[in-house]
Amino acid sequence: MLRETALVFAALVVYASATQVNHCDTGIPFEDATQIRISGCDQPECQLKQGTNATIEIKLVPSRTIETLTNEVYGILFNVPLPFVGVDSTDACDDIYNPDGSKASCPLKENTEYIYRNSFPILSFYPRVSLVVRYALREGTERLICFEVGAKITK
């Protein structure tokens with residue numbers, strides 16, 4: 001968790017505050033319930049419908065220059081991390097915007113506000129189960145931010 005807090009990240013964005021979003025590996029909720037914005041999260045377990053897209057927005061203010069960003073996205077099922085196909089290990093720099101909505105990219109400047117916005121498919125072959133979604137942005141092997149949220153893949 002110390003590595004993940006090495007950067008100061010201001011609020012993320014959540015479509016509903018009813019869903020608890022936790023720091024990875026700790027189970028500790030984010031201090032600000034409005035930090036994470038995830039579509040389909042209007043109840044305590046995010047409903048991720050097969051054949052639709054989930055959208056995540058994160059408002060970030062890095063405390064140092066960030067050269068590269070990579071998505072790390074897993075569904076954890078029975079304590080086994082399964083990568084979200086087409087999202088995990090992809091370049092996150094293409095999903096960075098300025099607060100006014102204009103396109104930005106890496107490197108991210110220190111003490112400058114950015115919005116990370118990404119949509120990804122909930123593929124029809126994903127099993128209809130409850131799971132934990134672990135979502136992280138990393139630079140190299142260092143997680144810069146990481147959160148977990150309970151979800152259910154539905155028909």
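All of these numbers come straight from a predicted model, not from anything done at the bench.
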**Asked** Is Leu131 close to Ile153 at the side-chain level, that is, under 4.5 Å between some pair of heavy atoms?
**Response** yes
**Prompt:** Minimum heavy-atom separation for Gln50 to Tyr126, with atom names?
**Reply:** NE2-O, 2.5 Å
Throw together a table of side-chain donor-acceptor distances under 3.5 angstrom for residues 76-90, partners on residues two or more places apart or in other chains.
from	atom 1	to	atom 2	distance (Å)
Asp88	OD1	Val73	N	3.0
Thr90	OG1	Asn71	ND2	2.9
Thr90	OG1	Val87	O	2.6

**Prompt:** So, do Ile115 and Ile96 sit near enough that their side-chain heavy atoms are less than 4.5 Å apart?
**Reply:** no
**Asked** Do Pro62 and Glu110 have side chains that get closer than 4.5 Å, going by heavy atoms?
**Response** no
**Prompt:** Looking at Glu67 and Glu139, what are the two nearest heavy atoms and their distance?
**Reply:** N-OE2, 2.8 Å
**Request:** Please name all residues satisfying side-chain hydrogen bond (donor to acceptor under 3.5 Å, both in side chains) with Asn111, sequence neighbours left out, ordered by chain then number.
**Result:** none
**Item:** Closest non-hydrogen atom pair, Arg143 against Arg138
**Value:** CA-CB, 3.9 Å
**Message:** For the CG atom of Leu60 and the CG atom of Leu137, what is their distance to the nearest 0.5 Å?
**Reply:** 6.5 Å
**Request:** Compute whether any side-chain donor of one residue and acceptor of the other, for Ser130 and Glu45, lie under 3.5 angstrom apart.
**Result:** yes
**Prompt:** Roughly how far, to the nearest 0.5 Å, is the OH atom of Tyr135 from the CD1 atom of Ile56?
**Reply:** 4.5 Å
**Request:** Would you mind reporting whether Val133 and Leu48 have side-chain heavy atoms less than 4.5 Å apart?
**Result:** yes
**Request:** To the nearest 0.5 angstrom, please state how far the NZ atom of Lys109 sits from the CD1 atom of Ile66.
**Result:** 14.0 Å
**Request:** Nearest 0.5 Å please: distance from the OG atom of Ser39 over to the CD1 atom of Ile122.
**Result:** 8.0 Å
Atom pairs and distances, donor-acceptor, side-chain atoms in residues 144-151, under 3.5 Å, two or more places apart:
from	atom 1	to	atom 2	distance (Å)
Glu148	OE2	Arg134	NE	2.8
Glu148	OE2	Arg134	NH2	2.6

**Message:** Whether the side chain of Gln47 engages the backbone of Lys152 through a donor-acceptor N/O pair (distance < 3.5 Å, no angle test) should be reported.
**Reply:** no
**Request:** Identify the heavy atoms of Cys106 and Leu69 that sit nearest to each other, and give their distance.
**Result:** SG-N, 4.0 Å
**Prompt:** Do side-chain atoms of Asn98 reach the backbone of Asp100 as a donor and acceptor pair under 3.5 angstrom?
**Reply:** no
**Request:** Report the distance from atom OH of Tyr114 to atom NZ of Lys59, rounding to the nearest 0.5 Å.
**Result:** 14.0 Å
